[in-house]
Amino acid sequence: LAEGVNLMLGPAVGASFALAGMTSPMGRSHTFDARADGYARGEACVAVALMPAGTDAGVLARVVVGGCAVRCDGRSASLTAPNGQAQQGLLRASLADATASADSLGAAEAHGTGTALGDPIEAGALQVALVGGRSVSCGPVCVGGVKANIGHAEPAAGLTGLVRLAVGLERGEAPPNAQLRALNPHVGGVMIGGGSVLPTQVGRVGGGEAGGVSSFGY
């Protein structure tokens, strides 16, 4: 049983993040939006039951975890300006561990905190590492981020993204990007050329049957 929990029981941590300029004065994570000015903190309690592949219990699995990877960000300007090259390496390593191709992806759950600089860097890494290597005949990868719905659940953020991705893939649906009204022009600039979409309404997953989750921590 893998669990992630985040509770905000006092003001000290939130105050320190606000003083550091990390959180949004508007109180929302405007992921991929032109209004992005930091993230909103959120609470969550998430748990997933993991079953070994190839066992009798495994046939009950709703989704299969094909592979994963962990990397260090390396040299970067600041905590809110991650290293795009490191992200590309992480995404490629995840595909390799899952013995999957970029063509198999139908959806991607981005970290997507909602920062003016971090979102374009992540979108660019997704475009280069995942979308750029896809066949022309493949449908677009549907990219989304749950933090725009519930805020940044910090230690539980990765699992919230995993649950949303799993439910979406199971239903063949791409959940919409909440708070997305006007696209961050820097995000749009790196996503030029097609191959990925940012749904604003519930739509069908038009690409492959697999998906990926990206989550950062420190």
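Across Ser101 and Ser104, no two heavy atoms sit closer than the pair O-OG, 2.7 Å. The nearest pair of heavy atoms linking Ala69 to Ser94 is CB-OG, 3.5 Å. The minimum heavy-atom distance linking Ala107 with Leu165 is given by the pair CB-CD1, 3.8 Å. When all heavy atoms of Gly67 and Asp97 are compared, the closest pair comes out as CA-OD2, 3.2 Å. Across Cys45 and Val5, no two heavy atoms sit closer than the pair SG-CG2, 3.9 Å. Summarising the geometry of Gly112 relative to Thr31, their closest heavy-atom pair is O-OG1, 2.6 Å, with the distance given to 0.1 Å.
A distance of 9.0 Å separates CG of Asp37 from OG1 of Thr23, quoted to the nearest 0.5 Å. To the nearest 0.5 Å, atom CD of residue Glu43 and atom CE of residue Met8 are 4.5 Å apart. In this structure, Asn177 CG and Asp33 CG are separated by 10.0 Å, a value rounded to the nearest 0.5 Å. Rounding to the nearest 0.5 Å gives a distance of 8.5 Å between CZ of Arg92 and CG of Leu130. Interatomic distance, Leu90 CG to Asn83 CG, rounded to the nearest 0.5 Å: 11.5 Å.
Val163 and Val213 fall within a single hydrophobic cluster, where Ile, Leu, Val, Met, Phe, Trp and Tyr are joined by side-chain heavy atoms under 4.5 Å apart, directly or via other members. Criterion: ILVMFWY side-chain heavy atoms under 4.5 Å apart, direct or through other members. Under it, Phe32 and Val131 are part of a common hydrophobic cluster. The hydrophobic cluster containing Leu198 also contains Val141, counting ILVMFWY residues as joined when their side-chain heavy atoms lie under 4.5 angstrom apart, directly or transitively. Residue Met191 is grouped with residue Leu105 when hydrophobic side chains (ILVMFWY) are merged at heavy-atom distances under 4.5 angstrom, including chains of intermediate members. A continuous path of ILVMFWY side-chain contacts below 4.5 Å connects Leu50 to Val46, so both sit in one hydrophobic cluster.
Not counting sequence neighbours, the partners of Ser76 by the side chain to side chain donor-acceptor pair (under 3.5 Å) test are Asp73.
Atom CD of Gln201 has 12 or fewer heavy atoms from other residues, nucleotides or ligands within 6.0 Å. Annotation for Arg181: atom CZ counts as buried by contact number, over 12 foreign heavy atoms lying within 6.0 Å.
Remark: side-chain polar atoms of Asp119 are paired, donor with acceptor, to backbone N or O of Gly114 under 3.5 angstrom. Between the side chain of Ser29 and the backbone N or O of Ala40, at least one donor-acceptor pair lies under 3.5 Å.
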Full working for side-chain contact (heavy atoms from CB on, under 4.5 Å) between Thr113 and Phe216: CA-CA 10 Å; Thr113 45; Phe216 311 156; over 6 Å; no

Test log, rule side-chain contact (heavy atoms from CB on, under 4.5 Å), inputs Glu122 and Val190: CA-CA 10 Å; Glu122 183 178 13; Val190 298; over 6 Å; no

Throw together a table of side-chain donor-acceptor distances under 3.5 angstrom for residues 10-22, partners on residues two or more places apart or in other chains.
{"residue": "Ser16", "atom": "OG", "partner": "Val13", "partner atom": "O", "Å": "2.6"}

I'd like a table of donor-acceptor pairs (distance under 3.5 Å, sequence neighbours excluded) in which one partner is a side-chain atom from residues 145-162, with atom names and distances.
{"residue": "Lys147", "atom": "NZ", "partner": "His111", "partner atom": "O", "Å": "2.8"}
{"residue": "Asn149", "atom": "OD1", "partner": "Arg164", "partner atom": "NH1", "Å": "3.3"}
{"residue": "His152", "atom": "ND1", "partner": "Glu154", "partner atom": "N", "Å": "3.1"}
{"residue": "Glu154", "atom": "OE1", "partner": "Asn6", "partner atom": "ND2", "Å": "3.3"}
{"residue": "Glu154", "atom": "OE1", "partner": "Arg41", "partner atom": "NH2", "Å": "2.9"}
{"residue": "Glu154", "atom": "OE2", "partner": "Arg41", "partner atom": "NE", "Å": "2.7"}
{"residue": "Thr160", "atom": "OG1", "partner": "Ala157", "partner atom": "O", "Å": "2.7"}

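At least one side-chain heavy atom of Gln127 sits less than 4.5 Å from a side-chain heavy atom of Ser196.
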